[in-house]
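One structure below.
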Amino acid sequence: MAVTSMSTPDSALAGPAAATAVGEPMPMAVSSRRRFLTVLRSPLGIGALAALMVVAVFAVFGPVLWGEAARQADLTQLSAKPSADHLLGTDAGGRDVLARVLTATRLSIVTAVLSAALGVFVGVVIGLLPTIAPRRLGRLVNSAIGVALAFPALLLAIVVSITLGVGATSVTLAIGLAMAPSYARLTQTLGASVTGRDFVAAARILGVSRARILVRHVLPNVRDPLIVNASIGAGTALVAATGLSFLGLGVQAPDYDWGRMLNESMGAIYVNPAPSLGLGAAIVFAGVTFALAGEVLARAFGLHRPSGRRRRRKTTGSTAASPVPQVAEDPVLRVRGLRVEAPRGDGWATPVRGVSFDIDRGEIVGIVGESGSGKSLTCMAVASLLEEPLHVTASSVQFDGTELVVRGKVPGRPRSKSLAQQLGTRLAFVFQDPSTSLNPALHVGTQVAEVGLLHGGLSRREARRRAVDRLAAVRLSDPARRARQYPHEFSGGMRQRATIAMGLMGEPALVIADEPTTALDVTVQREVLALLRRVNREHGTAVMFVSHDISLVSSFCTRVLVMYRGAIVESLSTEDLASGRAAHPYTRALVAAVPHMDAVPGTEFATITEDAEFPLDAVREGSV
Amino acid sequence: MTTEPTVTLLTGTGAGPDSATGTFRGRGGRLGAFIVRRLVRLAYSVVTLVTVVFLMVRLIPGDPVRNALGINATAAVVEAQRESLGLNDPLWTQYLNFWKGLLTWDLGDSFSLHLPVTTIIEQRLPATLELAFLSLALVLLVSIPLGIVVAALTRGGRRPTVDLAYTSASGLFAVIPEFLMGVALVYFFAVQSHLLPVAGRTDPSSYVLPVLALSIAVAAAVSRIVRVEALTVFEQDYIRTARAKRMSRWRLYFRHALPNLVTSSLTVAGIVLGSLVAGTVLIETIFSWPGLGLTIVDAVRSKDFPLAQGIVIVYGLIVLVSNLLIDIVLVCLDPRSALKDT
């Protein structure tokens, strides 16, 4: 409802524009002038401009054109129903309702715009006080704004009209004053965000006066969001003023605005509903116009994040020629020609371009490569976890003997219940950042137990018992108590253990560990690796271990796949890697980039620079 | 390194029953401290509220007594009335008396109804509270599931048609002021059909239209906020973790995403409550609902400023106290928010 937004124009209630008014700026590349024109030429911009013109024309010319007709009483037609002469019928005094609605536009709109302007002016003055006033006074003003904001604006307006009496002037003042706190808060928030920045601090140290800081730095930053919210505020003021007049607290006879007319027409709604409906339409139209104008301004100022457009990918594209590895007997994972495409700008990027590899049962395979080489996407894709807008295709992905590819695509969600069960119990995932990969709102035990509940056919209690058992298996002390705790009560290492325990609820054939230790310190890192190795040894679980740390991979894994720009460029055993038998220049560069303890102090680290180019062709085909 | 030292130290990593009680005591203490801090802030807000209402009525140019008695009253009559109301006392004395009246729950007599203001408030308050809280419940029950479902349907730019339909419909409903919604409902249910009563507070069916009129716009607005929040939650890593367990979408959204939305939804509920309370003023007038709103409108119309002023303070108290309750519920649900709040 609209009076709501009066109290909170800076909240999302005031409409979509205000919600994002303090959003991220658009790229600076677009010049503001061009953006303004683009937005104005968009359908939304044209619509808002047209609606605004309509409202303005009626406000200016309404009384001139229909004022006479609105005064003329036709005593033969009292409270008449709509007819050709009177499209909305007549009121109790026999006057044409349509003419009166159009005439009342001016008073309704002027009241709204004036009160919004007053609200903005008073709000900005109060809102700037904390920025320029002494700190203690500023804090006082701040909390007063807070209390005023909590108090519904309509009621504030009523308080004001207690003393001012009723009438158009007092309504304007009342609504203006009632809207001021929200503009004050907006100004103060925006002002504070500016004064907190370095350049203002620097200016202050240089002895620039507060007033000058205000004019030079604070006001320009406050201006745009304020204009947007003032526009939306005019809409809320309109509704509030109409509401007050409707209650009989606003405009008084002989003047009339939409609210007062609505009040009168409500009494006759059973006889003639047309006036009420016509008035409702007029109020909503004007209200929506101001809201739309706000939205358009927000976009024009670049305060609005452009909404992401969905793009469909039509063709699957041919799979690039890629090395086909030797066929293993019964691999736990077999991937052929895996591609991942993602929308980027106007076209499509291909972060994973035709990857093929096998992972044997019980094997620990490392995937290394720099950030952005497609490691994580490959993991997510083979686990059938990537959803639109990403586009995953492959000629084959076989996990644990089951083909996941359906019509050339890897779906983001299993197609059948049995497949869901197989993936849920046989494939475990350990993610990079344990601080975000557990649900903060659920007990750890609940999260661990869930797989047993979903796929293991266990009762709630059995699942719970098994979860505690699994938490004990990953060496968490006091697992029963730990199960009843929330993730934020766990340390990073403990959370990562809990994630592994989650995977152990089933009998995983493969654990995909996507940089499981990157976010952990070295000691905890070693513990987590030892745990993964134990799982591998005790359950025969294969591990697909992703890392950008080539030395970690060579100590932990038996075989290494090297990824570079979305392709596997080399597959070699860790012995070969360790003994310097890497063939691909990129692999050699990665190895060379590892700092050594015995390096001569003062020598520069070898690095792979941003613009370094390596061949994308794979070496050593089929050395699986 | 992403450990949280304070929490880990508080709860202790060592096993044993002691650390379990430690956890409990630690959290209980934190909650207690939070409530105390919050009560102090409430007291401060109440003082501000009362002071502001007091000052507004007295400092804004204009004379409420002259207003009430009309321009024909002689200066002597006005003066006598001012004297009897204590309006000629120094401001400071008036302020103290005002507080004394509040604390002893004696706000003087109503000009128009010739009854103690407090008695009137006690009679009319329940109807308004019912209306406000039923609407709040309806808003939450509708907007949270709706926001989540629409977010689930449209996440990542899926189903642009649904997105467009929802955005336009909810946007339109959100801007329709509640009194117009009331008028529209009266039209449909009283003029077009005679399904539901449109005035008074009698049997349960008489609640339907007022509650709907009050809730629809707010529910539309809140569902938009919930949707944006839900879209953010769906992007979180723990949702990916949950997806890796291969559960139904229903379970994913309502078991894993919803608990993380409760905090923000309740915060919104706190903001919305104020506007619902204000909305009751208009809705009560349309539906002749015998609550505080109807009373305050009459009071202002008949220049009955003691009554109007008393009701305004009660409205303010309702808003402040319910915000306090919401904050406490939030802390119970999510103990970390007590730490954030300073």
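Lettering of chains follows the sequences in order, A, B, ..., and the numbering in each one begins at 1.
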Most heavy-atom pairs under 4.5 angstrom with chain A, which of Arg240(B), Arg155(B), Gln236(B)?
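Maximum pair count with chain A is reached by Arg240(B).
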Heavy-atom pair count under 4.5 Å with chain A, highest-scoring of Ile239(B), Thr167(B), Thr48(B)
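Between Ile239(B), Thr167(B), Thr48(B), the count favours Thr48(B).
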Exam field: side chain [X] to backbone [Y], donor-acceptor pair closer than 3.5 Å:
X: Thr241(B); Y: Ser437(A); value: yes
X: Ser288(B); Y: Glu284(B); value: no
X: Asn439(A); Y: His256(B); value: yes
X: Arg243(B); Y: Leu385(A); value: yes

Part of [X] within contact of chain B (heavy atom distance under 4.5 Å):
X: Met505(A); result: neither
X: Leu277(A); result: side chain
X: Ser265(A); result: neither
X: Gln447(A); result: both

Answer with side chain, backbone, both or neither: which region of [X] has an atom nearer than 4.5 Å to a non-hydrogen atom of chain A?
X: Arg255(B); answer: both
X: Val319(B); answer: side chain
X: Leu307(B); answer: neither
X: Thr285(B); answer: side chain
X: Ile296(B); answer: side chain

Who wins among Leu423(A), Ile283(A), Val451(A), Thr242(A) for the most heavy-atom pairs under 4.5 Å with chain B?
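Of Leu423(A), Ile283(A), Val451(A), Thr242(A), Leu423(A) has the most heavy-atom pairs under 4.5 Å with chain B.
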If you count heavy-atom pairs within less than 4.5 Å of chain B, which of Gly506(A), Gly243(A), Gly503(A) leads?
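Most pairs with chain B among the choices: Gly243(A).
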Of Leu247(A), Val239(A), Asn263(A), the residue whose pairing with Phe179(B) passes side-chain contact (heavy atoms from CB on, under 4.5 Å):
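The option that passes is Val239(A).
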Contact between Leu262(A) and Leu180(B) at the side-chain level, heavy atoms closer than 4.5 Å - yes or no?
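The answer is yes, as the side chains (C-beta and beyond) meet within the 4.5 Å cut-off.
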Flag side-chain contact, heavy atom, 4.5 Å: Lys245(B) against Leu453(A)
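No, their side chains stay 4.5 Å or more apart.
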Is the His443(A)-Tyr486(A) ring centre distance short of 6.0 angstrom?
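Centroid separation for His443(A) and Tyr486(A): below 6.0 Å.
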Which residues pass the side chain to side chain contact (heavy atoms under 4.5 Å, CB included) test with Gln432(A), not counting sequence neighbours?
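Checked Gln432(A) against side chain to side chain contact (heavy atoms under 4.5 Å, CB included); matches are Glu515(A), Thr518(A).
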